[in-house]
*Asks:* 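Dropping the structure in here first, questions after.
Numbered from 1 within each chain, the chains take letters A, B, ... in sequence-line order. Quick caveat: nothing in here was measured; it's all calculated off a predicted structure.
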Amino acid sequence: MQEFIDIALTVNGEPVSRRVEARQHLVDFLRNELGLTGSHLGCEHGVCGACTVRVDGAVVRGCLMLAVQADGADVWTVEGLSDSGGIADLQEAFIARNALQCGYCTPGMLLTAAEMLEAGRRMTRTEIRAFLSGNFCRCTGYHAIVDAIGTVMERRFGG
Amino acid sequence: MADPPGAVGRPLPRSGARRLAFGRGTYTDDLRFPGLLHLAFVRSPHAHARIVKINPGPALAAVPGARVFTGADIARVCTPWQGLMDNLPTMVSPPQHAVAVDRAVWQGEPVAAVVAASRAEAEDAAAGVVVEWEPLPAAAVRDRTLDEDAAPVHPELGSNLSYAAAIRAGDAEAALAGAAHVVEGDFSFARHTGVPLEPRAVIADYDPGEGRLTVHGGHQAPWHQQDTLSRHLGIPEHLVRVVTPDIGGGFGIKLHIYGEEIAVSAVSKLLGRPVKYVADRLESFVSDVQARDQRVSARLGVGEDGGIRGLSVDALSSLGAYGSYGRPPINEGMMTITMAGGPYANEHYEGRLRVAFQNKPPSGMYRAVGQPIACAVTEQLLDRAAHAAGIDPVDMRRRNYWTDEACPVRTPGGIGIGRLSLRACLDRLAAMMDYGALRAEQAALRGRGIHRGIGVATFLEMTSIGPERYGPAGARISTQDGATVRLEPSGAVRCVTSVIEIGQGTHSALAQIVADRLGVAPQDVAVVGGDTSLTPHGGGAWASRGLTIGGEAVWRAAQGLRENILELAGSILQADPADLDLAGGAVSDRATGEARIALAEIGRIGHFRHDTLPPGVQPELAVTRHYVPDAVPFALANGVQGSWLEVDPETGEVRLLEHWVVEDCGRIVNPLLVEEQIRGGVVQGIGGALFEECRHDEEGQMLNATFADYLVPMAAEMPDIHVGHVETPLEGTALGTKGAGEAGTVGAPAAVLLAVNDALRPLGAQVDSLPITPESILHALAAGA
Amino acid sequence: MKAPRFSYVRPESLERVLELLAEHGDEARILAGGQSLMPTLNMRLSEPRLLIDINRIDALKGISLEDGTVRVGALARHAELLDSPLVAEHLPLIAAAMPHVAHVAVRNRGTFGGSIALADPAAELPACAVALDAAFVLASLRGRRTVPARSFFHGLYETELAEDELLVEARIPALAAGYRSSFLEFARRHGDFALAGICCHARIDGAVLSDVRLACFGSEDRPRFAGAASAAAEGRAWSGEVKEAVKAALGGDLDPIGNFHASAATRLHLARVLAGRALDRMAAAG
Ligand SMILES: Cc1cc2nc3c(=O)[nH]c(=O)nc-3n(C[C@H](O)[C@H](O)[C@H](O)COP(=O)(O)OP(=O)(O)OC[C@H]3O[C@@H](n4cnc5c(N)ncnc54)[C@H](O)[C@@H]3O)c2cc1C
Ligand code: FES
Ligand code: FES
């Protein structure tokens, strides 16, 4: 029962331990304590998806999870997935299709798209749109994002 | 002068995209400063109230070390500003303090700034500041703000009217009286805001030793910010530097001067420490400028042949408690009455405008400023007239467009039209939509009780506003942009521009322009910008001007450098520069195309081997040029949008099926960039048509100031958007671009409105209020039944 | 927008959770998926002194079938419900509802128990529980009790849960032979809370409906069992006439609360349309 708690976890494959304030959410921890500024804050109330990170294999809203709750967890952010090459084809498709403008939503979009690909099958444009329904992009109009994800599905799972 | 086939015109991926896609963007909040303090604001819970007393005691007790600055504290180092324009002597607007002094005039206005070691602690302390209020009546119902008994927003002004204007050409009343069909509409356009995903953020760092202020923040017009900071904080302008890192979207929201941003600099000056403020989303909804918010009654008369006889438009445009500083806050309304009817030949026009204050967040420019309103009103009336005259809506437009022979022409609203391509756009759109087949499908489905609608809307997009408007207004905002292009010793090229990159990809397009002028590949050109202390002075990112103004400046600078390189090469090669060319990274022989000397060699000699040059030869391998858009007062892009949707008359649900745009933004530098600008703009327009609305109660409390309640368009509801192009280069410029940033937003609300009403027409219902909601459709159906 | 200060504890046993609840009462808040609690904390709408994180209590996890009853642990995540073959087979109503609950990242954390305990009037799961005659198991140091879903929801975010009580699990009768479910909701955007929604569960024999259970959400301050509308269809063969009777009866069941998203009249209208369509579908499915 404390306001400050010691936690140990892995972030992007590397072990990390810190003392955190109970009230600090995961994205503030990643950004402010670890300097991983690729995860963004757009609302801090769970609606926009800019803060999307992967925790124990599944995407979550980084603003709706406390850092202390990640104690013992395996956390991945856009930085780690970029380094590992795990989403390289998605990133290339986003770039080729101009599926990003200001780029503020992009890390969250990429992580959500990566989870979509876990299903291991091609989806219709409608399904892709539904899967993205929790990630706000103010710039692109979504069309190119849907195109880019569709392209990767085609490449990974056949035409 | 046309470039040979090169980078311009090609759909090249954006140079900056990779960095952003790898999570390596650097937005304001990502920057790190030693000794940084965090600032949070105490905001007014009332839309209108007198500040009786502010007691910071409990705050300081809760967070030892915190500091509280009231409006009066800030006012000691920061003078208030007033949003007046020299050329609008009848417009009134009161002085505005960075932080409210004595009286708060909207719910959410900052009344104290609180500084602590972290944002969380600043908020802890802010929660402890006790403000004693005396609530005052508020004016918060748009259509009643000008009533006799409305509460005064600024009692010292004597009325809530900020400005009134009228435009008359011919005799609209007589023309309407004589028209075969007169149709009308009483339209309402809700208040929205721009909602860039990255909230406004600023870090001010005042260095007391040097008396220098450095401000980092995602601003669309950093020179305007610099000018304001200098004059209102009393810091000489050359000691104020505004740096714009990556910007997470702007759309006009980050174009303005905000009390918060200025207060942060004031506090930094008072403390001599770097201070950061990042608006949270709840604050964005009550402090970002809000826009639209108009009621427009309009009538259109047409003859039996469907030809327009006259148009009359009466607009009530609502500001918040203040208009934007330095930019005409009445533009939203002025755009409505000047652009209404614009694409169509007409002689008789009357436009009337009243602009009123309300106790709501300040108003400012949001993507497309007033033009979506002008477009929706015009296009909806034209559809109604087509129906009344028994003419197909597409034919109706074709027969009413200004003819090429009539142009150039000044519309009755006062818009100078040079050359448009409306017929070409319309034909292209009809082909893309397969308009005839769609109409047949619509009719067949109606027979089965499925109600689909088609909306075809023509738009004009005024871009790249020139000096004719901002100069006489006395606005301290530049309408020109500048660029320096320089050859590095290695033969690589740097372009330093005043254009601000906010995600549009302009910097990438500038590299394409430079590449072609200098005969190098776009990846050999690095574009940098976003630092008022380093780049040429310019206007920034607004009015879709980046390429048309900034691009032209870059073109000229690159052209100047090209000439200098050829001249230097001439003296090195003992050749006449006129016989030389630049291609493939080398100086070549113009006649044979044969490479003579690599650019890298020119760079090396020009920078390091002056000893080998003939006496008197001075290499000038950096060229700065500016461009004032003086060919025309503004550029006018145009196009047509089509919407295909389904209305469920039982639930009022609107399902968007497909959307098409054919646009003409002049010469296209990079179609990939243009298409996503258009699509993003369309989706924002659809937001305004179907979802977005800042809702306030009668006391001026914003009811939906969260992301869960202010509905922005999300992927699942948006249609695929097909974009086609017609290219009519802008005359009088080397590049020939117009702008493309707002076209989507101008035309989409109209296309959707028309399509909804097209679907509803057989059911006897029409809607005239945006956003169109399931509820408003159900009401319209109930009224029509 | 940062949460106010609070303390945090992550007990390892159910017993310890109950002790903490007993000790701290109103000053403490259970932290399950956090998908509703965290926004209110970040917005400083709630300022508890202590968060009791139940995410590591194994006894609260899992979905299983025991003697014709599906046990859904309080910590079963929305994503688990969505993907569970067991739910698809035995609780088709919930399977149909889950795609409408929020978005993937929220479903990966949000829990069944959190949704029930929060009792948002526009949430899907509470209404499903009402239509399916679920029972909730509540535990405190004082002991355990089982509360039927129909009497669990008291009002806006108010439930039968006492300050010291934890929702442990739900027991939901598995789909019996001859029964069918149908679910429909109307939301402005995919994954938003609904403006109106309907859960239908009934036995259907030929076209004849019996044991009809209609529950509405997004209308009133809590999920509402629509007794009159259910009765209007009871024992009757589905027809246009019965549909009109159900819609009319719904007016007696519901007294919707309007707000700026939709007025009371619109909500009632939508509930009627959805009820008709949901029953149409159910009848057509056979
Ligand atoms: C963007 C967004 C969209 C959403 N859309 C929907 C939607 O469409 N439909 C929908 O139903 N929900 C929606 N939700 C809410 C989501 O489903 C939540 O997960 C759910 O309502 C609460 O579950 P939780 O596990 O996250 O609970 P928490 O947020 O952890 O807790 C919620 C409340 O319940 C209490 N509580 C939690 N578990 C227990 C327990 N076992 N015993 C006693 N008390 C407990 C907590 O103390 C707290 O007061 C949305 C959320 C977001 C952020
Ligand atoms: S910042 Fe987490 S969802 Fe918006
Ligand atoms: S690219 Fe700007 S928000 Fe998506």
*Asks:* Less than 4.5 Å to any heavy atom of chain C: does that hold for the side chain of B/Glu650, its backbone, both, or neither?
*Replies:*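 Its backbone and side chain both get close to chain C.
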*Asks:* For each of C/His261, C/His269, C/His190, C/Arg44, tally heavy-atom pairs with chain B at distances under 4.5 Å, and name the one with the top tally.
*Replies:*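 With the most close heavy-atom pairs to chain B, the winner is C/Arg44.
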*Asks:* Would you call C/Arg277 and B/Asp648 a salt bridge, using N to O less than 4.0 angstrom?
*Replies:* yes
*Asks:* Heavy-atom distances under 4.5 Å only: say whether C/Phe186 touches chain B with side chain, backbone, both or neither.
*Replies:*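 For C/Phe186, the contact with chain B is made by the side chain alone.
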*Asks:* Can you find a pair of side-chain heavy atoms, one from C/Phe183 and one from C/Glu124, that are under 4.5 Å apart?
*Replies:*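 Yes; the side chains approach each other to less than 4.5 Å.
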*Asks:* Looking at B/Gly108, is its backbone amide N or carbonyl O close enough to the side chain of B/Arg43 to form a donor-acceptor pair, meaning the two atoms are under 3.5 Å apart?
*Replies:*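 Yes; at least one donor-acceptor contact below 3.5 Å.
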*Asks:* Please classify the contact of C/Asn259 with chain B as side chain, backbone, both or neither, using a heavy-atom distance under 4.5 Å.
*Replies:*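 Contact with chain B: none, neither part.
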*Asks:* What part of B/Asp709 lies closer than 4.5 angstrom to a heavy atom of chain C: side chain, backbone, both or neither?
*Replies:*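 Interface part for B/Asp709: both.
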*Asks:* Please look at B/Ser118 and chain C and tell me whether the side chain, the backbone, both or neither of the residue comes under 4.5 angstrom of a heavy atom of that chain.
*Replies:*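 The answer is neither part of B/Ser118.
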*Asks:* Taking the six-membered ring for Trp, is the centroid-to-centroid distance between B/Tyr710 and B/Phe691 below 6.0 Å?
*Replies:* no
*Asks:* Salt bridge or not between B/Arg119 and B/Asp280? Use side-chain N to carboxylate O under 4.0 Å.
*Replies:* yes
*Asks:* If I measure from the heavy atoms of chain C, does B/Ala708 come under 4.5 Å with its side chain, its backbone, both, or neither?
*Replies:* backbone
*Asks:* Quick one: are B/Ser287 and B/Glu260 in side-chain contact, heavy atoms under 4.5 Å?
*Replies:*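 Counting from C-beta outward, B/Ser287 and B/Glu260 do come under 4.5 Å.
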*Asks:* Could you measure the distance from the SG atom of B/Cys694 to the NE2 atom of B/His192? Nearest 0.5 Å is fine.
*Replies:*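 Taking SG in B/Cys694 and NE2 in B/His192, the distance rounds to 8.0 Å.
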*Asks:* With a 4.5 angstrom heavy-atom cut-off, is it the side chain or the backbone of B/Leu711 that approaches chain C, or both, or neither?
*Replies:*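 Both backbone and side chain.
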*Asks:* Which bit of B/Glu693 comes within less than 4.5 Å of chain C, counting heavy atoms only: side chain, backbone, both or neither?
*Replies:*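 It is neither, since no heavy atom gets under 4.5 Å.
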